[in-house]
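Report on one structure; see the data block that follows.
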Amino acid sequence: MAKMRMNQAISAALADEMRADPDVVMFGEDVAVAGGPFKTSDGLLAEFGPSRVRDTPISEMGFLGAAVGAASTGLRPVVEIMFIEFLGVALDQLATEAAKFHYLSGGKLTVPLTVRASTGAGLGFGTQHSQTLEGWLIGTPGLKVAVASGPQTGYGLLRAAIQDDNPVVVLEPRVRYSTRAEVNVGDDAVIPLGVAARVADGNDVTIVGLGGTVLTALDAAGRAQGWSADVIDLQTVYPWDRATVLESVQRTGRVVTVEENPFGGGWGTDITSVVGAELFGRLAAPPLRITAPDVPVPYGKHLEARYVPDAEYVTAQIDHLVSHGELPPHWWDDGEVGQ
Amino acid sequence: MAKMRMNQAISAALADEMRADPDVVMFGEDVAVAGGPFKTSDGLLAEFGPSRVRDTPISEMGFLGAAVGAASTGLRPVVEIMFIEFLGVALDQLATEAAKFHYLSGGKLTVPLTVRASTGAGLGFGTQHSQTLEGWLIGTPGLKVAVASGPQTGYGLLRAAIQDDNPVVVLEPRVRYSTRAEVNVGDDAVIPLGVAARVADGNDVTIVGLGGTVLTALDAAGRAQGWSADVIDLQTVYPWDRATVLESVQRTGRVVTVEENPFGGGWGTDITSVVGAELFGRLAAPPLRITAPDVPVPYGKHLEARYVPDAEYVTAQIDHLVSHGELPPHWWDDGEVGQ
Amino acid sequence: MTSEAIARREQVRTDRVARYERMVEIRALEDRVQELFAEGLVHGTTHTAQGQEAVAVGVAAAARATDSVTCTYRGHGVALALGLTPLDVIGEIMGRTVGSIGGVGGSMHLCEPAVGLLPTFAIVGAGIPVAAGAALTAQVRGTDTAAVAVFGDGSSNIGAFHEGLNLAAIWSLPVVFVCENNQYGEYSRINLTTPITDLADRATSYGMPSQIVDGQDPDAVHAATEKALDHARAGSGPTLLEMKTYRYAGHSRADTAPYRPEGEFEDWYDNRDPINGFRARLEAEGTLTPEQVDAIGHEVAARIEAAVTDAEASPRAGIETMFANIVAPATEGT
Amino acid sequence: MTSEAIARREQVRTDRVARYERMVEIRALEDRVQELFAEGLVHGTTHTAQGQEAVAVGVAAAARATDSVTCTYRGHGVALALGLTPLDVIGEIMGRTVGSIGGVGGSMHLCEPAVGLLPTFAIVGAGIPVAAGAALTAQVRGTDTAAVAVFGDGSSNIGAFHEGLNLAAIWSLPVVFVCENNQYGEYSRINLTTPITDLADRATSYGMPSQIVDGQDPDAVHAATEKALDHARAGSGPTLLEMKTYRYAGHSRADTAPYRPEGEFEDWYDNRDPINGFRARLEAEGTLTPEQVDAIGHEVAARIEAAVTDAEASPRAGIETMFANIVAPATEGT
Ligand SMILES: Cc1ncc(C[n+]2csc(CCOP(=O)(O)OP(=O)(O)O)c2C)c(N)n1
Ligand SMILES: Cc1ncc(C[n+]2csc(CCOP(=O)(O)OP(=O)(O)O)c2C)c(N)n1
Ligand SMILES: [Mg+2]
Ligand SMILES: [Mg+2]
C-alpha cells in the first residue's frame, strides 16, 4: 500500500511488468526522456534503458504499427497514444490489423499489445483533445477495451492488459491522473479483464460507471436520499461483464449508466439495451442513461463542467427515476439551451 | 422512372448534382478514368471533365483532408472511400476535423462534404474488406450518417447528402450495387436526411433495417405466419428518426433491429435502448436485436452467408419473440459453434 | 472583429513598419498569455510562438486576404499576423464571447475566414491536406487565389504531411507548404525524431521545388513565400519552404524546456532574434527611428492590456453556446 | 504444411535451380488461380503476381527463415517463394481447412510464421510499419534477425509508408523496404498518381540508403536484398529497394487492364520476362539443361493440379471455424 496519484500508479504498473518480463517495451511521444506528457512513465528510461523505453517521432500510425509487428514477433509492447483523438490517424493498425491478426494467422500468432490513451474532458484542452471516444473501439472482435477509474484500477487493469496475449486498449481519464489514493501494488492487485467491480452496495438502483464517471457515480450514490445504489465500475467496456451487471439489476430493479460522452451512440446503449431486453418485465423503471449532450466538447471551465454529468445532476436524475418510475428530462431539454 | 442497378443510381445522383451545381466535384481512387471500382461514377469524367472528376493517389487521409479544405472554401466535394475499412487510415479528417469545423469556426464556415463508402459482407472479400463499421461514425456531433438500402435510396440519400451543408457519410452496401429496380430520379426523389421510411405495414412488430438488411427485413416480413410487421428503413443512422420508430413501435408493441454487424456495440443498441426506455411498460416483448455473431467477417460463401442474418433466421427469431414473448437464442448460442 | 481584422490584414501586406509592429505585438501578446496562464486566470493549455514572429508576419505579408491559410495550435502569431485582433485571440483564450469563435474553442482554436484563416488545427499534420483542398477550390474555379499550410518540423514526420504534399504535387495545386522548423516537437529536439537535418530535402519525394529560408528574417520569409505563391498562382504547383526558426518558450504552458542544450536559447535570442534583427535593419535603412520604436512598444503594450481588460469585461461564453453551430441549418436545396 | 514449408524455404535460399523452379511454380499457380475464379469455383477476389516472380524469389533467397516478411494481398508469389505450398495457398483461396489459415481468410490472407510470413495485408501500406516492428523485436533482443516489407509502388503514396520508413531510420532498425514498382496501382499508371519516377528517391526523406534494382532478375534482387539485409544485421539501419517490375495481369480478378498503353505488356513480356530471362542465363551458364526445364514444367504443372484436387477434396472451413482464434486464451500470467 502506498499513496499515489493515478499517473504514478500507471508508472508503477509499467515498471512492475517491465521488471518481470524483459520482452515488455514501451514507446510513444515524449514518454522516455520526459517521462510522458502526463508523467505516466516517469523513471522508466532510467531503470530500463533506451532500448526498452523509447521516444517516437510524431507518427501514431507508424509506431502503433511497429508495436503490432513487435507484438507479433515476441515482444509485449506498450504504446502511449497521448490523447485518444490521435487514434484517428492510426485506427487501422488497431482495429483492422492488431485485432484480427490472431484470426488471420489461423491462431499461430498472438498480439500481446497494450495501447494506453488518455481521454475525457475537464482540463480545458478544447474540442479536439477532450473526448472519450470508446465508440471507435467497441464492437471490434479481437480487441479488449478497459478504462481506469483511478489509481487502483489504473494499476491493476494496465498490468492485466500487458499480461494479456491479445491487443488491449487501456483508457485513462486525464482528469484522474492527479487523483491520489492508497494503491495496492503487486501481483494480487492485477484486475482481470472482462470483469466489473461492485464498488458500493445498495438496494434500489444499479449505477454503472466507467472511467471518470465511477467517482461521480459513487459521489451521487453518497448523496442519495430515499434510495440506495449498487455502484458498478465496469472496468472493461468491451467485452463487458454481463453477469455482474445483470445480477445487480436483478436485485435493484433499476439500471442507470453514467457516461461522459454524447447521448447518441455511447457505451451505455449497449448496457441498457441488454439489460432492458434480458430483464424485460422485471424492471421497476426504464433503463436510464445519463450522458453529456450531443455536442462537441466545449472549452471554458463552466461549459466543460456542465458538459460532463456531475454528481448532483446524477442524484437528481435518479431521484426522478425512483420517485416517478419514469425517465427524467435531460438538462438540455430545457428550451433555453436547446439545440 | 428507369430500371437501374444501385451503382447506376449512384452515378445518376452524382451526375444530377454535378449538372445542377458547378461546385460539386468528385474524387477518389480510380473513380475517374475507370468510372469507379464498383462503377459508381461511370460516365462522370466524360461529362464533367478532369477538373471536377479526379483520380487520387492511394492516400485517404490526403484526399479526404483535401475534400475538407475544398468544402470549407466553397466546393461541394464528394469523395469515395472504396471500402469503409479504409477510413481507418483517415478517420481524423472526418470525425475530428470536418465534423467540428462549423463549430470551430464559430459558425462562419460550412463543410458541405459527402463521403461515400462501400460496406458489408457477401462478396467474399474477406475480413478486412467486409465490415459495416457504422460504429466508427455514430456519436460524432456534426456528422450525419446515411445508409443506402437499394437503388432508390442510393439515389435519393446521396443527392440529399450533396445538398446538405454538413459533412455527410453515405454508406453503400456493396452487395446491393448489382440490385436492379425501378428508380425515380429528379428532385422529387431526394430523400431528406434524418428521416426513416416505413416500407411495409403491419401490426405486431416493428422491424428496423439499415442498408443491406432492409431487403432482408422485408423478405422476413413476407414470410411471416401469424404476425405482421411494420418494416422501417432507417435511412439515416445518425442522427436517427426517433419519431418514426417510436410511433410504429407504439402501435406494434415490439421492436426488432436487423443488423449486419456483431452483437456487441452495433447501431441497434441505440435504437433498442431508446425504444426500451421511452416505451417502458408499453411493450409486449423485449426489444430484440438480430445481428451477426461477435467475430471477424469470415471468408467463404457459406460462412459469410451464415455471418449475415438471413430472412429465414429473422423470421424464426421473430416467431419466437411473438409467440413466447421472450428473447430467442442466437444461432451461435448452440454449444457446437460457441466461442 | 472582422472589419478590423481586414484592415490589419492589409497593413502587414503593404507596410514593413506595420510588419515590425505586428511582430512586437505577437511577442507582447504571447508573453501576456503566458502570464495569464501563470496567474491561473486561464484554464487549459496554450502554445506560444515567441521567437517565430518573422515566419508569421513574413507569410502574412506575402499571402493575400483571399488566400486560405491553415496553421496549428501554436497559432496566435499567425492569427495576429493575418489580422485577427489581440481581443479576438485573448478573448478566445479566456473563453469570452468576444473571442475569435465565441469562446468555445480556447487557445488552440482560432478562425477568421474573412482574412483567410481556416480553423487552426490541434491535430498534428491535419492542416496540410486541408490547405491542399483550399487550393483545389481555387484550381477548380480557375481563380488566382492560393493556399498556405503552416506546420512544424515534428509534423513533417506524420502521414498527413506525406499524403498532402504528394496530392498537391500530382495535381499541381496552388499551395505553399511552410514548415516552421523551430528545432523541437514537444520536448524532443528534431535530431531525436527526424533522421535528416534539412526538411526541405523532403520535397524530393514529390518532385517539388523547395527552399531553406532564414525564418528569423521577415523580408526573407516574405520574399520566399511570395515567390512560391507566384509560382503557385501561375499554375506551376506547390513549393515546400523550410523556415529555420526557434521556439523561445517551452512546448506548452507548463513546460520550462529543461531539455534544451545549454546556451542554445541564448544563442538564438542574442544573435538571431527576429524583432531585434528587423528593427536594426529598418533603422539602418532609415525606415524606422528609435522614437518610433519606443512609440510602437508603448502602443502595443497598451493595446494588449486593453485587450485583456476588454476580454475580462466581456461575457463568458454562455451554456447556450455549447449548442450553437454544430449542424449548419441551411442546405443547398432549401 | 509447416514442415514442408520449412524445407521449401531452404531450397530457395540455397539453390538457384530451385529458384527457377519456384518462379515457374508461382506463374503456374497464379494462372491456375485466375482460371479457378473464371470458372466460378472461387468466390471473392484475387490479385495475382505474374511477371513479378523474380522479386518474390529473390527476396526469399536473401532472407532467412527467421526473418519476418510482410507483404500484400498480391501475396501468393511471396508466400510460395517463402515456402508455403501450393496447397496452403490454393486451399486458402478455396476456403478449405487445409488452407494457410484454415480457409477463413481467402486470397488476401495468408500467413506462416514458421517461414517468417506475417499475415498478408489487405490494407495498403499497413505492412510497412509492422515490418519495422518485427525488426524492433530483433533489435531489442539483440538477435541478428531482420525484417522485410514488400509493398507496391502505389503504396508509397500512403502515410504508413512515410511513418514506417521514418521510424525505421531514426531507430536504425534492421529492416529492408522492398517496393515492387510494377507500374500500376489498381487501374492507374504510376505517373498519374505519383509525381516522381524513381521511388528509390524517397529514401532521401529519411537519410536512408536506397537502390534501384532490376526486378526481373532474381539474381539482382537477391544480391541487392542480401546486401541490404547484411547492412541491417550489422546495425546500420534500413534500406529502400525499388524493384522495377511489371504486373502482367489486371489488378484483380475482373480487371482486363484496358488502360494499359498499347504494346506495354508485350514489351515487358517479350523482352524482360523474369522466367525466360533466368532460364536463359542458367542454361547459358550450364546450370540448367533444356531437359530439366521441361521436367520442371511438368512437375510444377502436376503439383499445381494436385494442389487443386487436394484442396477440392478437403473439407470446407466449417461454421465452427468462424469462432476460433479470435481471442487468444492464454495470458502471460496464467
Ligand atoms: C496526431 C497528433 N499527435 C500528437 C499530438 C501532440 N502534439 C501536439 S504538438 C506536438 C509537437 C509538434 O511539433 P512541431 O510539429 O514541430 O510543431 P511545434 O509545436 O514545434 O510548433 C505534439 C506531438 C497531436 N496534437 N496530434
Ligand atoms: C488504405 C487502402 N486504400 C485503398 C485500397 C484499395 N487498393 C487495393 S490494392 C490497391 C492498389 C495498390 O497498388 P500498389 O501499391 O502499386 O500494389 P500492387 O497492387 O500494384 O501490387 C488499392 C488502391 C486498400 N486496400 N487500402
Ligand atoms: Mg517544432
Ligand atoms: Mg503497383
Side-chain angles (χ1 to χ4, degrees), chain B residues 17 20-25 27 51-52 54 56-77 89-90 92-93 96-112 141-144 159-160 162-166 187 190 192-193 239, chain C residues 2 68 70 92 99-105 109-114 118-123 125-142 145 147 149 158-160 162-168 170-171 173 175 321 324-334:
Chain B
E17 287 299 322
D21 184 345
D23 285 328
V24 178
V25 300
F27 45 95
S51 177
R52 292 178 65 197
R54 295 175 182 229
T56 63
I58 309 172
S59 51
E60 283 80 3
M61 184 74 90
F63 70 76
L64 184 49
V68 175
S72 310
T73 52
L75 298 185
R76 306 185 81 82
V89 306
D92 179 65
Q93 287 291 346
T96 311
E97 316 303 338
K100 294 173 175 59
F101 260 36
H102 187 56
Y103 189 75
L104 289 179
S105 67
K108 288 173 186 159
L109 294 176
T110 55
V111 186
L143 198 67
K144 300 179 184 180
R159 287 203 56 191
I162 299 172
Q163 291 178 11
D164 198 289
D165 270 346
N166 298 284
D187 295 351
V190 173
L193 299 176
Chain C
T2 303
S68 295
T70 66
E92 188 56 42
S100 167
I101 64 164
V104 297
H109 297 296
L110 305 171
C111 178
E112 183 48 89
L118 292 178
T120 56
F121 289 80
I123 303 294
I128 299 173
V130 171
L136 177 65
T137 298
Q139 190 183 67
V140 169
R141 290 184 164 175
T145 61
I158 206 161
H162 181 65
E163 298 189 12
L165 269 71
N166 190 62
L167 188 71
I170 194 78
W171 285 355
L173 295 175
V175 53
T321 60
N325 301 320
I326 298 163
V327 174
T331 65
E332 200 186 48
T334 55

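Proteins come first, then strands; the chains are lettered A, B, ... in the order of their sequence lines, and each starts at number 1. Values below: all heavy atoms of this structure, side chains included; hydrogens, waters and symmetry mates excluded.
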> Taking every heavy-atom pair that is under 4.5 Å apart, which of C:V140, C:T120, C:L165 has the most such pairs with chain B?
Replying inline: C:V140
> Taking C:P113, C:G102, C:G159 one by one, which has the highest count of heavy-atom pairs under 4.5 Å against chain B?
Replying inline: C:P113
>> Please identify, among B:T73, B:L143, B:V25, the residue contributing the most non-hydrogen atom pairs under 4.5 Å to chain C.
In response: B:T73
> For chain C, which of B:F63, B:F101, B:Y103 has the most heavy-atom pairs under 4.5 Å?
Replying inline: B:Y103
> Pick from B:E60, B:H102, B:K100, B:M61: which one has the most heavy-atom pairs with chain C under 4.5 Å?
Replying inline: B:H102
>> So, taking the atom named CG in B:L104 and the one named CZ in C:F121, what distance separates them when rounded to the nearest 0.5 Å?
In response: 9.5 Å
> Do C:I101 and B:K108 come close enough that some side-chain heavy atom pair is under 4.5 Å?
Replying inline: no
> So which part of C:A131 gets closer than 4.5 Å to some heavy atom of chain B, the side chain, the backbone, both or neither?
Replying inline: neither
> Non-hydrogen atoms of chain B under 4.5 Å away: do they reach the side chain of C:A168, the backbone, both or neither?
Replying inline: neither
> So which part of B:S105 gets closer than 4.5 Å to some heavy atom of chain C, the side chain, the backbone, both or neither?
Replying inline: both
> Taking every heavy-atom pair that is under 4.5 Å apart, which of C:R141, C:Q139, C:H162 has the most such pairs with chain B?
Replying inline: C:R141
> What's the spacing between B:L109 CG and C:N325 CG if we round to 0.5 Å?
Replying inline: 10.5 Å
> Given a strict heavy-atom distance threshold of 4.5 Å, which part of C:T321 is in contact with chain B: side chain, backbone, both, or neither?
Replying inline: backbone
>> At a 4.5 Å cut-off on heavy atoms, which part of C:I170 comes close to chain B: side chain, backbone, both, or neither?
In response: side chain
>> Nearest 0.5 Å, please: how far is CG in B:L64 from CG in C:L167?
In response: 11.5 Å
> Do you know the tightest heavy-atom contact between B:D165 and C:A328?
Replying inline: CB-CB, 4.0 Å
>> Can you tell me which portion of B:T56 sits under 4.5 Å from chain C's heavy atoms? Options are side chain, backbone, both or neither.
In response: both
> Which pair of heavy atoms, one from B:G69 and one from C:T137, lies closest together, and at what distance?
Replying inline: O-OG1, 4.4 Å
> Which bit of C:T145 is near chain B, if near means a heavy-atom gap under 4.5 Å: side chain, backbone, both or neither?
Replying inline: neither
